[in-house]
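Following: one structure in structure tokens, then a few remarks.
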Amino acid sequence: MCSIMGIQGKNISEERLLEGFERTISRGPDMSRVVQIPSGYLCFHRLAIMGLTPDGMQPFQLGENLAVCNGEIYGFRPVREALKEKGYRFLSDSDCEILLPLYREYGLDMFRRLDAEFALVIYDGAQDKLIAARDPIGIRPLFYGYPKGGGIAFASEAKNLVGLCPKVIPFPPGCYYDGERFHRYRDITQGETRAEEELDQVCRGIRERLIRGVEKRLDADAPLGFLLSGGLDSSLVCAISQRILGPDKPIHTFAIGMDVDAIDLKYARQVAQYIGSHHTEVIITRQDVEEALEEVVALLGTWDITTIRASVGMYLVCRYIHQHTPIRVILTGEVSDELFGYKYTDFAPDAQAFQREAQKRVGELYMYDVLRADRCISANSLEARVPFGDLEFVSYVMGIDPRRKLNTYHMGKYLLRRAFEGDWLPRSILYRDKAAFSDAVGHSMVEDLKALAERTYTDGQFQEKRKEYAYCTPFTKESLLYRELFEKYYPGQADMIKDFWMPNREWAGCDVSDPSARVLSNYGASGV
């Protein structure tokens, strides 16, 4: 991870700029640089992942143009070689150094050519303007706002802009800003159009593309680690990675659980033993959860219930990795649920309703699961890589006939499971029922958070305080606790998040008052 800022405005002092920029030093603790441009600044905090020498420090410069980027550009080496043949010289092994040559060659058309997860700001010196863009899923964060004295500001996190801009706005994924307006260059939710396929062909397409997506993300000059919950998604990422790297290079896997009722630790242990990874279990207590809560809300920049619940465990395991290992890059299993379905999507009334829900969830990933993964990992000076978010993979899965993705097999994510039948994982893991991450860390963790909220507010206090928030009004003491913590760090910015993440309440069986899958009638053996 890195942290970037780009500001164009006449009334912004360097002192105010640095105050906001230093709030995300954890994203890039290795080196920092602030460069003044004629009408503003470009800023960069570096976490060295590719091209570890100082030559990889940003902003990069080509002629009058400058660029800062938080991202990974996959397959950059052949692109760099092609650019060398056109006469470009490169000073580092950084993947992001190809961006300015691409801008010179293709202009704003460059963004749709990138196989990448990125957020970037380019200063076009000839036109004296800032160009900004974000990857189609929004895996890398980017926000913008309009400073009080005029101009525009871009930054990796909302906290960089709080106090600098009256309103902080998420930069829309799959879009670029050309100096005047926003334009969409790709809508990943639509999927690729292709002819009807046989079931075996579909599963082969899933398997081959996910393997490629994992393989791309194993390319790093810094040490790799893997979050392993014991659920299907993270287990597949770990199994694929270990097979690619081979038995002589055991991967490092990490699992987290409560000290009293962790559900998934035993399953993660089984997967680790099966694939031969070096495995570490991180055990947490109720005190750890309660002490971390405010810090988690502050780093997330959200008030959403399910995001915060799931982030506590993720933040604590990443903190352990940061404090006890040299690992810099973490592979995770996010994005699979949005593509293949949650427990609640078993209640989808028909295939088109399932598809619309998948499109909605993929389009909103940057506000929920992807936000969680980015902040929990980057707050601990690590970089997140998300193989299920590979653009080729997402486009392929979104283009599968949604009738095949409905749970008509009495097992959610059947296509993904079938795609990896064989010796990738023990069958008991491959066909294990899904448990939500926050529940799997330990059912007691969510109950501890609810109990903390109960101790914080009387019934009367809850009814009075919740009325202070007209937008997405808190509806439980737990949600009020999160909202008040959010407002402490992001006052007046609540509409950065669209809504509470909840099952689709319009569907029969999904009209629930808690986002946990545990409240659904089909939860059954999940998390057992």
Side-chain angles (χ1 to χ4, degrees), residues 2-14 16-21 23-24 27-28 32-46 57-71 73 96-114 116 118-136 138 140-185:
C2 298
S3 180
I4 65 173
M5 285 185 74
I7 293 185
Q8 202 159 28
K10 298 179 179 179
N11 299 310
I12 301 166
S13 69
E14 188 168 345
R16 289 179 61 207
L17 172 76
L18 291 175
E19 180 184 356
F21 189 44
R23 294 170 188 161
T24 51
R27 298 188 70 91
S32 299
R33 183 176 292 163
V34 175
V35 173
Q36 191 163 6
I37 56 178
S39 53
Y41 301 90
L42 285 183
C43 313
F44 189 71
H45 289 314
R46 186 186 187 199
M57 183 58 185
Q58 301 182 36
F60 291 117
Q61 183 169 3
L62 181 62
E64 296 180 275
N65 298 339
L66 299 168
V68 288
C69 178
N70 170 29
I73 315 300
C96 293
E97 196 178 356
I98 69 172
L99 293 170
L100 285 176
L102 289 176
Y103 180 62
R104 177 174 288 181
E105 290 292 317
Y106 303 108
L108 297 171
D109 191 51
M110 67 177 283
F111 303 120
R112 68 178 185 86
R113 297 170 177 268
L114 295 178
F118 70 92
L120 64 78
V121 178
I122 293 173
Y123 172 68
D124 186 314
Q127 301 182 71
D128 188 28
K129 68 178 183 180
L130 294 182
I131 308 293
R134 191 179 186 188
D135 68 74
R140 294 304 169 94
L142 192 63
F143 292 81
Y144 73 98
Y146 302 98
K148 295 176 183 177
I152 193 166
F154 303 96
S156 286
E157 294 193 29
K159 67 181 68 172
N160 298 128
L161 301 179
V162 169
L164 190 65
C165 302
K167 182 60 66 177
V168 182
I169 310 163
F171 194 102
C175 292
Y176 66 83
Y177 172 79
D178 67 0
E180 296 180 1
R181 297 184 301 277
F182 289 85
H183 305 266
R184 181 168 298 281
Y185 67 88

Distance alone, cut at 3.5 Å: any donor-acceptor contact between the side chains of D124 and Y103?
yes

Could you pull out all residues at least two apart from E105 that satisfy side-chain contact (heavy atoms from CB on, under 4.5 Å)?
L83, K86, Y88

Does any part of the side chain of R23, heavy atoms only, come nearer than 4.5 Å to the side chain of K159, both counted from C-beta?
yes

E97 side, atom CD; L102 side, atom CG - distance, nearest 0.5 Å
11.5 Å

Check whether any side-chain heavy atom of I73 sits under 4.5 Å from a side-chain heavy atom of L99, and report yes or no.
yes

Are any of the side-chain heavy atoms of L164 and I7 separated by less than 4.5 Å?
yes

Could you check if a side-chain atom of N160 sits within less than 4.5 angstrom of a side-chain atom of V168, using non-hydrogen atoms only?
no

Any cation-pi pair here, R113 with Y106, using under 6.0 Å and within 45°?
yes

Heavy atoms, side chains only, cut-off 4.5 Å: are H183 and L108 in contact?
no

Do the side chain of D135 and the main chain of A116 share a donor and acceptor less than 3.5 angstrom apart?
no

Residue pair D109, Y185: steps toward the side-chain hydrogen bond (donor to acceptor under 3.5 Å, both in side chains) verdict:
CA-CA 8 Å; D109 191 51; Y185 67 88; over 6 Å; no

Counting N and O atoms only, with roles assigned by atom type, does the side chain of Q61 sit under 3.5 Å from a partner on the main chain of G63, one being a donor and the other an acceptor?
yes

Decide yes or no on side-chain contact (heavy atoms from CB on, under 4.5 Å) for S3 and F44, but give the supporting numbers first.
CA-CA 6 Å; S3 180; F44 189 71; over 6 Å; no

Do you know the tightest heavy-atom contact between P136 and P173?
O-CB, 3.5 Å

R140 and N70: side chain donor to acceptor below 3.5 Å
yes

Salt-bridged, K129 to E180, with N to O below 4.0 Å?
no

d(Y41 OH, M5 CE) to nearest 0.5 Å is 11.0 Å

Return a table of donor-acceptor pairs under 3.5 angstrom between the side chains of residues 141-156 and protein atoms on other chains or two or more places apart.
from : atom 1 : to : atom 2 : distance (Å)
S156 : OG     : I4 : N      : 2.9

Check R104 against L62 and note the closest heavy-atom contact, atom names and distance.
NH2-CG, 3.7 Å

Is there a side-chain contact between R184 and C175, using heavy atoms and a 4.5 Å cut-off?
yes

Shortest non-hydrogen contact from G28 toward S32
O-OG, 4.3 Å

For N65 and G125, the nearest pair of non-hydrogen atoms, with its separation, is OD1-N, 3.0 Å

Taking side chain as C-beta onward, heavy atoms only, is L161 less than 4.5 Å from I169?
no

Are T24 and E157 close enough that a side-chain donor and a side-chain acceptor fall under 3.5 Å?
no

Residues forming a side-chain contact (heavy atoms from CB on, under 4.5 Å) with E64, sequence neighbours excluded:
A126

For V68 and Q58, the nearest pair of non-hydrogen atoms, with its separation, is CA-OE1, 3.1 Å

Aromatic ring proximity, centroids under 6.0 angstrom, F171 and F182:
yes

On a heavy-atom basis, the closest approach of C96 and G71 is SG-O, 3.8 Å

Check against side-chain contact (heavy atoms from CB on, under 4.5 Å), S39 and Q8
CA-CA 5 Å; S39 53; Q8 202 159 28; 2.8 Å; yes

Report yes if some heavy atom in the side chain of L66 is under 4.5 Å from a heavy atom in the side chain of I122; otherwise report no.
no

Separation between CG (L130) and CG (L42), nearest 0.5 Å, reads 6.5 Å

Test item: H45 side-chain N/O and R33 main-chain N/O as donor-acceptor pair under 3.5 Å:
no

